[in-house]
Amino acid sequence: MGGCSNASTKSYTVCELCEEESHNSNQCPWVYSSCKFTSCEGIRLLSTAQTGPNMGKKYLKCQFSTCPSFQWLDEAKGEAKGFGGSSSNPDSTRTGCFACGLNDHWVNECPWKESPCPRPNCAGTRTVRTSTTDTSAGRKFLTCPICNKFHWLSNWIEKVESNKSTEKSKRNDGTLSLQLQAALEAFCKEFMKKNAM
């Protein structure tokens, strides 16, 4: 008769879009995800079958009509959890990060998830979110819950890559300078020996 329930409370309700309990619908990683088909830079859209025996079943399909990428959402979820699965996508085994969308790491190793806020004197950590506004739907961004600092993720990635290229260029210039200096010193020593004879 009444009494307390021992069921633990969850911080998320079930996502209305993909029916997972790990996030809310406004953070659903399946709504817009990177196309997994080789050399395609499209976005996979989450849709629901409207006809046939699979009516009501959710699937992921590339935005480009010429791309053959197709995968049932259940299969994609299985892959994300480490299970197998088959689909009409020949490159379905290539998965990436569901937080930032890059293909060189998994979500648990994402360098952008919980990255430190760059604003001076802010101790916050940024979260990766997905825009749901009409003008930028599906675009990823970083936001700090403490100071509300906002960056588009793609811009921040470009900035970091640019800094890496600059540092690499400086290192290469320094190495070349040392090599030239060593070669010049060796030439001078050889020249002095010959003139001393």
Using the rule given for side-chain contact (heavy atoms from CB on, under 4.5 Å), can you reason through C18 versus K58, listing the C-alpha separation, both sets of side-chain angles and the distance that settles it, and then say yes or no?
CA-CA 8 Å; C18 71; K58 305 220 179 235; 5.9 Å; no

Roughly how far, to the nearest 0.5 Å, is [atom2] of [Y] from [atom1] of [X]?
X    : Y    : atom1 : atom2 : result
D74  : E19  : CG    : CD    : 8.5 Å
N155 : F150 : CG    : CZ    : 8.5 Å
S47  : F70  : OG    : CZ    : 9.5 Å
Q27  : E20  : CD    : CD    : 12.5 Å

Would you verify whether the NZ or CZ of R126 falls within 45 degrees of the ring axis of W112 while also being under 6.0 Å from that six-membered ring's centre?
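Ring-cation test returns no.
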
Honestly, is K57 close enough over W72, meaning NZ or CZ under 6.0 Å from the six-membered ring centre and within 45° of the axis?
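Yes, a cation-pi geometry.
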
Residues T143 and R129: side-chain donor-acceptor under 3.5 angstrom:
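The criterion, which ignores hydrogens and geometry beyond distance, is not satisfied for R129 and T143.
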
Can any side-chain N or O of E16 pair as donor or acceptor with the backbone N or O of S25 at less than 3.5 Å?
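Side chain of E16 to backbone of S25, a donor-acceptor pair under 3.5 Å: no, none is there.
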
Would you say S154 and R139 make side-chain contact, with heavy atoms under 4.5 Å?
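Yes; the side chains approach each other to less than 4.5 Å.
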
Pairwise side-chain contact, C147 with C117, heavy-atom cut-off 4.5 Å (strictly under)
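Counting from C-beta outward, C147 and C117 do come under 4.5 Å.
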
If you group Ile, Leu, Val, Met, Phe, Trp and Tyr by side-chain heavy-atom gaps below 4.5 Å, do L45 and F64 land in one group?
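Looking at the clustering, F64 is in a separate group from L45.
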
Joint cluster assignment, L17 & L60, ILVMFWY side-chain distance < 4.5 Å
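Shared cluster, yes.
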
Please check if the distance between the ring centroids of W30 and Y32 is under 6.0 Å.
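Not under 6.0 Å, so no.
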
What closest approach, in Å, do [X] and [Y] show between heavy atoms, and which atom pair accounts for it?
X    : Y    : result
R44  : S34  : NE-O, 3.6 Å
L153 : C100 : CD2-CB, 3.4 Å
G124 : C144 : CA-SG, 3.9 Å
A123 : I146 : C-CD1, 4.3 Å

Apply side-chain contact (heavy atoms from CB on, under 4.5 Å) to L142 and T127, showing your working.
CA-CA 6 Å; L142 299 163; T127 55; over 6 Å; no

Parallel, tilted or perpendicular: which fits the ring planes of W156 and H151, with parallel below 30° and perpendicular above 60°?
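If you compare the ring of W156 with that of H151, the planes turn out tilted.
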
